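Notes follow the structure.
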Amino acid sequence: MAKSYYHIRQNYGKSALNELDMPNNPLVLFEVWFDQALKDNLPDANAMVLSTAINDKPSSRIVLLKAVEEGKLIFFTNYRSRKGKEINQNPFVSLLFFWPQHERQVRIEGHSEKLASALSDEYFVSRPRESQAAAIASNQSEAIADKTRLLQTYNQLLKLDDDLKRPGYWGGYQVLPEYFEFWQGGAHRLHDRITYSKTGSGWQIGRLLP
Ligand SMILES: Cc1cc2nc3c(=O)[nH]c(=O)nc-3n(C[C@H](O)[C@H](O)[C@H](O)COP(=O)(O)O)c2cc1C
């Protein structure tokens, strides 16, 4: 049965981007947009699509941005997961934020590398014990028949008296951006798209047709 979604039409035009107002560093604009998303309590404002690619096949999933340190974007995951294995083979990734209430999209591309273990430890101890147990218990991305074993391991971990330690297979990645695109929805589909490409000394600013 054919289904059409042609009737879904959203109009944009809340805001605009002007080259003259753009900061030299895209991270400054990213922080402004991110802070506005937080201030307005946009749901899952720190959720981003992480795309990896190996053997010419891309794959995407959502992860949470947990920190920005010296211009590097940090998220946490299982290093043995599908994404972890793919990053191991090809560290070049893309990140995508979509804040529909603000009619904004940000695309970021760059290389990812494992976070220093001390920083992963620091974040791991800050998490609730339940989240720590889940991170330890789940061999993320492994196929299973049902959840019985996972729940057993999880419950055993929760019962232990000791603090839970971060396992070596779980930790952070930091993405070093080389490219940004800031997209702001415009009236009549005449959207603004401002790009930043990393050069030796700074960033080159450009504009793309919508
Ligand atoms: C809102 C949201 C937030 C998520 N945050 C994370 C996260 O921070 N880290 C993570 O490993 N998975 C997170 N996930 C789960 C991933 O999308 C994905 O299912 C999981 O990481 C396995 O992906 P993979 O098999 O491609 O490695 C999140 C999912 C959603 C919907």
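Keep in mind it's a predicted model, so treat the numbers as computed, not measured. Just follow the structure's listing: the first ligand is 1, and inside any ligand the first atom is 1.
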- Query: For ligand 1, which atoms have a heavy atom of Val63 less than 4.0 angstrom away?
  - Reply: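 In order of number, 5 (N), 6 (C), 7 (C), 8 (O), 9 (N), 10 (C).
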
- Task: Mind listing the closest non-hydrogen atom pair of Gln36 and His102 along with its distance?
- Result: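 Shortest heavy-atom contact: O-CE1, 3.5 Å.
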
- At their closest point, which heavy atom of Ser60 faces which heavy atom of Val49, and how far apart are they?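 Looking at all heavy atoms of both residues, the shortest contact is CB-CG1, 3.8 Å.
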
Specify the protein heavy atom at minimum distance from [atom]: its residue, its atom name, and the distance to 0.1 Å.
{"atom": "atom 11 (O) of ligand 1", "value": "Thr77 OG1, 2.6 Å"}
{"atom": "atom 21 (O) of ligand 1", "value": "Lys83 NZ, 2.6 Å"}
{"atom": "atom 4 (C) of ligand 1", "value": "Ile62 O, 3.6 Å"}
{"atom": "atom 8 (O) of ligand 1", "value": "Leu64 N, 3.1 Å"}
{"atom": "atom 25 (O) of ligand 1", "value": "Ser141 OG, 2.6 Å"}

- Message: Below 4.0 angstrom, counting only protein heavy atoms, does anything approach atom 19 (O) of ligand 1?
- Response: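 No, no protein heavy atom sits under 4.0 Å from atom 19 (O) of ligand 1.
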
- Task: Taking Asn90 for its side chain and Ala53 for its backbone only, find out whether a donor-acceptor pair lies under 3.5 Å.
- Result: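 Yes: the side chain of Asn90 pairs with the backbone of Ala53.
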
- Task: Without swapping roles, check the side chain of Gln105 against the backbone of Phe97 for a donor-acceptor pair under 3.5 Å.
- Result: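 No, the answer is negative, given that no donor and acceptor are paired below the 3.5 Å cut-off.
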
- Task: Would you indicate which of Gln140, Lys85, Arg61 comes nearest to atom 12 (N) of ligand 1 when only heavy atoms are counted?
- Result: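 Comparing heavy atoms across Gln140, Lys85, Arg61, the nearest one to atom 12 (N) of ligand 1 lies in Gln140.
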
- Query: Are Phe180 and Trp203 close enough that their ring centres sit under 6.0 Å apart?
  - Reply: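 Phe180 vs Trp203: aromatic centres under 6.0 Å.
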
- Message: Would a single hydrophobic cluster contain both Leu17 and Tyr179, if residues Ile, Leu, Val, Met, Phe, Trp and Tyr are joined by side-chain heavy-atom contacts under 4.5 Å?
- Response: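 No, Tyr179 and Leu17 fall in different hydrophobic clusters.
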
- Task: Say whether Phe76 and ligand 1 are in contact under the criterion: heavy-atom distance to a ligand atom below 4.0 Å.
- Result: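 The answer is yes, since Phe76 has a heavy atom less than 4.0 Å from ligand 1.
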
- Checking side-chain contact (heavy atoms from CB on, under 4.5 Å) against Met48, which of Leu96, Val63, Ile62 comes through?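 Passing option: Val63.
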
